[in-house]
Amino acid sequence: MKKVIIIFTVLISMLCFSSCGTWHVKLTPAAVNTTEPETINSSTSEVSVTFEGSEKTEDTEKTKTEGSLKTEGSLKTEPENAASRTSKTVNSEGNCAVQDGRIYYANHSDDGTLYSMNIDGSDNRKLNDDRTPWFYVSGDRIYYKNEKGGNIYVMNTDGSGNKKLNEDSSENINVFGDRIYYCNWDDDYALYSMDTDGSDRKKLSNDNPVYMNVVDNRIYYFRQISGLDGIYSTNTNGTDKIKLTDDIPYGMTVADGWIYYNIDKDSNELYALYAIRTDGSDRHKLMDDYARSINVAGDQVYYINGNEGKPYRVNKDGSNRKLLSEDCVEWICVFDNRIYYTMSGVKNGAKIYSMDTDGGDKKVIKDLTKVVTYEITRQLSKDMPKYRFVATGKTQNNEEWGMGFVMGLKVYDEKDHPLLSKDNPYSEIDEGSINPVFNNMMDTMGLHVTDVNFDGYKDVIILSSFIGNHSNTYYDCWLWNQKTSSFVKSESFSDICNPALDPEKKCIYSCGSYLTTYREWEIYQYIDGKFVVANNLSYVENDEGYHFTEQKHVNGKMKTLRDDLIKAGNFNDVLSAAGYIGDKVWQLDNPRWYMNGGHHADQWLD
């Protein structure tokens, strides 16, 4: 069976992106980081993608990860006064902030918890244990949303003094002066505010404040009510509500007396960037780009082109648009003539970069890729000593259906001499050069020491890919050659989809699915030094029914045994009607015929 892999897009914070391609987005209410004295607002979305590691060890089977750092010391009972610091701060999108030479970011390799580090990548510290989809740095304090319950918390910038501020499920959170503004999902998405210590909680309006920005004692937001859609502003106490425009924005940023936002420019949901003064005057189009992650610095607007995923710069009047990098970028944060960002896609998405505001002097300031190691000891036969098998890999986050990569396999004999050393030849995880593996299998990386050719000696297999909508698995295999006391790569095993061993019949079952209307079952045997298809069964579903084809390997060729159409109700009835449930060869009710990879299949590989 030929290897077919269909990589699917993963939804993150309700945005959908495919590597360096097009963002397709209908933005939902998003957290907004807004301005207060000596604090700079940058943008309006809620996506953060950065990664780190953790550690786990066991006696006989060990899993290790490298790279995590945690803050030491006891927690203070109360945060220090935020007013004690007046240094410049840039908060961008609720997922990145820079202040006093430190970068603050959500680490999705450590369950989305908060970290901070120096802008040169040194002194990386873990600040909390809460999954944090949004945060805002203000003076000596960090205000953040805890994903568990959606409540607002506060802590010191060193991670101490962690304190819960409210019981409301909170979205679109803003901090301005000594007040916090948010959308209360527990009260029909109404607009609320409270003091930064959690006291004096007030309902300001029944409006649902989408894309809320709080700047210079005014609240700017999109009101999404039938017949009343548009961008509004109001005083911070909820009074003096003014409609600024009828436009329906997709993302909105307020800076330097202007509101920057995207609107549809045609029926194909292609967006254009517009600007309007905060008093509702001088509405005009800046350019045709769909701008995400907007940062306003000086006379220029920095953004990610949502149609490409690449960072750009343009003057505030829309002139001198410039591509800054060919990198596909997740988020950007502009601070002191440098742009900080992470890249998207499988190649470099686990690193934090910086570059000049003109796109030059690009640097990797932190590689946050998590290195995973899995080790077991096994005998190849009862009369042989134990050998040590070590698999290594990399992951970019710890989401169950996130992507990892198997990077190498080493085998050592009883004297710790290497018997096999196979590393991925690519120093970087590169799209197209290495197949991904879902994170829920990266703990073992599919490493098994088992007799796959049924010669009495165990061989070694390890995942080469586990990805796609149908979660098919493929393995690399090295067979033990007793005569040469060495492992030999089996290329033919790499074509077997979802393998399951049957030692009694000395065959391997393989079952894969690529389309909802097509399925295939194969039985492999080891013949003349290769794994070959001994039996093949497939069907194609059409309007008339299920078209089955059955073939058998005879004298080096596949002979067709059956080619007919079966009409029945559901799929199980079809298999029974076709005679394949109780069939001696196929027995399609046998659990060895598994359609999706995962740890449930381990029992058929040991």
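- Looking only at distances, a side-chain donor or acceptor of Asp120 sits under 3.5 Å from a matching main-chain atom of Ser122.
- By the 4.0 Å N-to-carboxylate-O rule, Asp413 lies too far from Arg388 to be salt-bridged with it.
- His448 and Asp606 form a side-chain donor-acceptor contact under 3.5 Å, judged by distance and modelled atom types alone.
- Residues Thr132 and Asp130 bring no donor and acceptor atom of their side chains to less than 3.5 Å of each other.
- Contact of the Tyr594 side chain with the Cys511 side chain is not registered, since no non-hydrogen atoms from C-beta on lie closer than 4.5 Å.
- In this structure, Thr377 and Tyr387 have side chains that are not in contact, with every pair of non-hydrogen atoms separated by 4.5 Å or more.
- With 3.5 Å as the limit, one finds a donor-acceptor pair spanning the side chains of Tyr509 and Asp502.
- Checked by atom type, the side-chain pair Glu522/Tyr524 shows a donor-acceptor distance below 3.5 Å.
- Under a 3.5 Å cut-off, the side chain of Asp459 and the backbone N or O of Val452 do form a donor-acceptor pair.
- For the residue pair Asn162/Tyr144, the side-chain donor-acceptor check at 3.5 Å is satisfied.
- With contacts defined as side-chain heavy-atom distances shorter than 4.5 Å, the pair Tyr475/Thr473 qualifies.
- A 4.5 Å side-chain heavy-atom check between Phe438 and Ser471 finds at least one atom pair inside the cut-off.
- Considering Leu479, Leu380, Leu409 as possible partners of Phe487, the one that fulfils the side chain to side chain contact (heavy atoms under 4.5 Å, CB included) test is Leu380.
- Counting non-hydrogen atoms of neighbouring residues, nucleotides and ligands closer than 6.0 angstrom, the CG atom of Asp383 exceeds 12 such neighbours.
- Under the 3.5 Å distance criterion, with hydrogens and angles disregarded, no donor-acceptor pair is assigned to the side chains of Asn536 and Glu550.
- Salt bridge annotation for Arg125-Asp158: absent, with no cationic side-chain nitrogen under 4.0 angstrom from a carboxylate oxygen.
- Ile508 places a side-chain heavy atom less than 4.5 Å from the side chain of Phe493.
- Looking only at atom types and distance, the side chain of Arg102 has a donor-acceptor partner in the side chain of Ser116 under 3.5 Å away.
- Note that OG of Ser160 and CG of Leu127 are 9.5 Å apart. Values are rounded to the nearest 0.5 Å.
- The side-chain tip of Lys489 points at the ring of Trp478 from less than 6.0 angstrom away and within 45° of straight on.
- Side-chain atoms of Ser354 never come within 3.5 Å of backbone atoms of Tyr340 as a donor-acceptor pair (strictly under, hydrogens ignored).
- Here the shortest heavy-atom pairing between Leu605 and Pro499 reads CD2-O, 3.3 Å.
- Lys310 has a carboxylate O that lies under 4.0 Å from a charged side-chain N of Glu326, or vice versa, which qualifies the two as a salt bridge.
- Side-chain N or O atoms of Asn439 include none that pairs as donor or acceptor with a backbone N or O of Met442 at under 3.5 Å.
- Counting heavy atoms from C-beta on, the side chains of Met595 and Arg519 come closer than 4.5 Å.
- Remark: Lys530 NZ is loosely packed, at most 12 non-hydrogen atoms of other residues, nucleotides or ligands lying under 6.0 Å away.
- A distance-only check finds a donor-acceptor pair linking the side chain of Gln379 to the backbone of Met384 [under 3.5 Å].
- Remark: side-chain polar atoms of Asp563 are not paired, donor with acceptor, to backbone N or O of Thr549 under 3.5 angstrom.
- Between the side chains of Tyr353 and Asp327, no donor N or O sits under 3.5 Å from an acceptor N or O.
- Heavy atoms from other residues, nucleotides or ligands lying under 6.0 Å from NZ of Lys422 number 12 at most.
- Nearest heavy atom pair, residue Ser510 against residue Cys497, reads OG-O, 2.6 Å.
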Checking Asp443 against His599 for the side-chain hydrogen bond (donor to acceptor under 3.5 Å, both in side chains) test, could you report, in this order, the C-alpha distance in whole Å, the side-chain angles of both residues, the deciding distance, and whether it holds? CA-CA 10 Å; Asp443 54 348; His599 281 305; 2.8 Å; yes
Would you check, one step at a time, whether the test ring pair (Phe, Tyr, Trp, His ring centres under 6.0 Å) holds for Tyr526 with Phe531? CA-CA 4 Å; Tyr526 191 68; Phe531 292 95; 4.8 Å; yes
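- Remark: aromatic rings of Phe135 and Tyr105 are distant, center separation not under 6.0 Å.
- A donor-acceptor pair is defined here as one N or O able to donate and one able to accept, closer than 3.5 Å; such a pair exists between the side chain of Thr444 and the backbone of Gly446.
- Checked by atom type and distance alone, the side chain of Trp134 never pairs as donor or acceptor with a backbone atom of Glu147 at under 3.5 Å.
- Checked by atom type and distance alone, the side chain of Thr342 never pairs as donor or acceptor with a backbone atom of Ile352 at under 3.5 Å.
- Residues Asn124 and Leu368 have side chains in contact (heavy-atom distance under 4.5 Å, counting atoms from C-beta outward).
- Here the side chain of Asp451 pairs a donor or acceptor atom with the backbone of Asp455 at under 3.5 angstrom.
- Side-chain contact, Asn472 with Asn498: a donor N or O sits under 3.5 Å from an acceptor N or O.
- Across all their heavy atoms, Gly404 and Thr395 have their closest contact at CA-CG2, 4.0 Å.
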